[in-house]
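Below is one structure, written out as structure tokens; the observations come after it.
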There are 2 protein chains.
Amino acid sequence: MTIPNPRNLDSLDARIILALDKDPESSALALSRTLGVARNTVHARLARLERSGALSSFSRRLDPAALGYGLIAFLSLAISQTRAGSVENGLEAIPEVIEVHATTGDADLMAKVVARDTADLYRITNQILEIEGIQRTSTAISVLEFMPPRFDGLLNRLAKQESRPPE
Amino acid sequence: MTIPNPRNLDSLDARIILALDKDPESSALALSRTLGVARNTVHARLARLERSGALSSFSRRLDPAALGYGLIAFLSLAISQTRAGSVENGLEAIPEVIEVHATTGDADLMAKVVARDTADLYRITNQILEIEGIQRTSTAISVLEFMPPRFDGLLNRLAKQESRPPE
DNA sequence: TAGAAGTTGAGCAGAAATCCCAATGCCGTC
DNA sequence: GACGGCATTGGGATTTCTGCTCAACTTCTA
């Protein structure tokens with residue numbers, strides 16, 4: 001690590017990940033040539049990324065549409081605070097609920113849900129309403145993915161932040 | 001492909017991805033042994049997953065917290081429909097905006113934003129408000145990641161859907 | 001100044017990838 | 001029922017990469 005870093009990743013990590021974005025097939029050896037660092041360094045960095053938990057599961061790379069779930073919706077859930085545990089288990093049991101955040105406000109949850117179609121979404125919504133502790137839901141269907149999940153902007157900023165080796 | 005499939009992925013694809021989730025280090029040869037299919041098949045499937053776009057960028061596996069962005073917020077943006085292009089470009093230019101959906105309702109956007117801290121989020125929010133076409137914003141800060149993004153539930157369902165080879 | 005940490009270059013044995021090919025079983029179609 | 005695609009399978013040969021170690025060097029830190 002070149003500088004005392006409040007983050008877990010530094011410039012080289014970012015450049016490695018960006019290079020892997022361009023070509024996920026490239027080997028550690030190819031990366032070292034591209035980035036101008038030693039192969040051992042790339043190897044050590046990748047190993048550390050895995051160990052530190054900076055990289056999450058492989059399935060995170062999935063496109064839900066490829067699984068047949070082309071519909072994305074965001075549900076606001078009003079819950080009773082005393083039933084938080086029950087709500088957590090209930091949501092966990094529904095595979096279509098792929099992400100949940102507890103947000104500011106009066107015990108509100110924000111859930112990201114995928115579905116095959118609107119009928120499927122209706123079924124899932126009812127399933128959620130049956131969970132003990134859920135008081136109200138409000139659904140916002142994504143009609144267009146304005147911007148697919150991305151990290152390259154943040155990575156590019158980080159990659160350029162520190163000194164770069166000559167290319 | 002065993003069956004005519006409305007989806008892009010079938011049971012074997014799902015099982016390959018699940019196995020890679022358990023052990024991202026496992027090779028195609030190890031996967032073939034684990035899953036009971038030929039090594040060439042695993043190789044062909046992985047190649048197709050990459051080509052078909054079912055797997056998105058490598059950076060999707062990133063944990064934003066590792067980049068120093070520990071704060072997650074969801075912004076509801078009310079926009080004027082006539083300025084949709086301007087809004088798109090404006091949001092694109094802000095790296096902290098990592099995901100945007102156009103939702104049902106009166107020309108509303110839902111944006112997922114990361115920030116270093118609340119002050120950073122305040123700065124970003126102001127930056128968004130300066131975009132031509134943005135009328136109002138409403139911010140919901142994630143105080144707890146109730147359920148981190150996951151796909152294993154959907155994958156497991158898909159993996160069990162069709163006939164499995166004896167193990 | 002001394003120590004810790006990261007990077008580097010080198011080497012090496014074993015494993016894996018990347019090709020090839022032909023045979024097979026399963027499908028919908030003609 | 002015969003046919004041509006399509007995916008899978010098994011085997012083999014060559015090239016490449018991985019995984020690991022080690023010592024030397026630079027840089028930042030205490």
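In what follows, chains carry the letters A, B, and so on, assigned in the order in which the sequence lines appear, proteins first and then strands, with residues in each chain numbered from 1. Every heavy atom of this structure was used, including side-chain atoms; hydrogens, water molecules and symmetry mates were not.
- The CG atom of B:L31 sits 17 Å away from the P atom of C:dA15 (whole-angstrom rounding).
- B:R123 is linked by a side-chain hydrogen bond (donor to acceptor under 3.5 Å, both in side chains) to B:E96, B:D120, B:Q127, counting only residues two or more places apart in sequence or in another chain.
- For the pair B:L35 CG and D:dT8 P, the interatomic distance rounds to 12 Å; values are reported in whole Å.
- Under the 3.5 Å distance criterion, with hydrogens and angles disregarded, no donor-acceptor pair is assigned to the side chains of B:S56 and A:D63.
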Between side-chain atoms of residues 85-93 of chain A and protein atoms elsewhere (two or more places apart, or another chain), which donor-acceptor pairs fall under 3.5 Å?
residue: A:S86; atom: OG; partner: A:E132; partner atom: O; Å: 2.7

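- In this entry the distance linking CG of A:D10 with P of C:dA5 reads 16 Å, nearest Å.
- Rounded to a whole Å, the CD atom of A:E50 is 15 Å from the C1' atom of D:dG19.
- A cation-pi arrangement is present between A:R116 and A:Y69 under the rule of less than 6.0 angstrom and at most 45 degrees off the ring axis.
- Checked against side chain to side chain contact (heavy atoms under 4.5 Å, CB included), A:E145 has the following partners two or more places apart in sequence or in another chain: A:I72, A:P148, A:P149, B:H101.
- Following rounding to the nearest Å, B:I16 (CD1) and D:dT8 (C1') show an atom-to-atom distance of 12 Å.
- Partners of B:D23 by side-chain hydrogen bond (donor to acceptor under 3.5 Å, both in side chains), not counting sequence neighbours: none found.
- Closest to the side chain of B:L29, out of C:dT7, D:dT9, C:dA16, is C:dA16.
- Heavy atoms of A:A28 sit under 4.0 angstrom from primed sugar atoms or phosphate atoms, though from no base atom.
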- Message: A:V37 vs A:L12, test: side-chain contact (heavy atoms from CB on, under 4.5 Å). Steps then yes/no.
- Response: CA-CA 9 Å; A:V37 292; A:L12 182 55; 4.1 Å; yes
What does the list of N/O pairs under 3.5 Å between the protein and nucleotides 18-21 of chain C look like, with a distance for each?
residue: C:dT18; atom: OP2; partner: B:H43; partner atom: NE2; Å: 2.7

- Please walk me through it: do B:V100 and B:K112 pass side-chain contact (heavy atoms from CB on, under 4.5 Å)? CA-CA 6 Å; B:V100 180; B:K112 186 173 180 179; over 6 Å; no
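- Terminal axes of the helix from C:dT1-D:dA30 to C:dC30-D:dG1 (five pairs each, C1' rotation axis) are separated by 60°, to the nearest 10°.
- The CG atom of B:D23 sits 16 Å away from the P atom of D:dT18 (whole-angstrom rounding).
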- Query: Can you list the steps and then say if A:N126 with A:L129 is a side-chain contact (heavy atoms from CB on, under 4.5 Å)?
  - Reply: CA-CA 5 Å; A:N126 283 333; A:L129 278 170; 4.3 Å; yes
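- The distance between atom CZ of A:R45 and atom C1' of D:dG19, rounded to the nearest whole Å, is 19 Å.
- Listed candidates were C:dT8, C:dA17, D:dT8. Nearest to the side chain of B:R48 is D:dT8.
- Spacing between atom CG of B:L46 and atom C1' of D:dA7 amounts to 15 Å, rounded to whole angstrom units.
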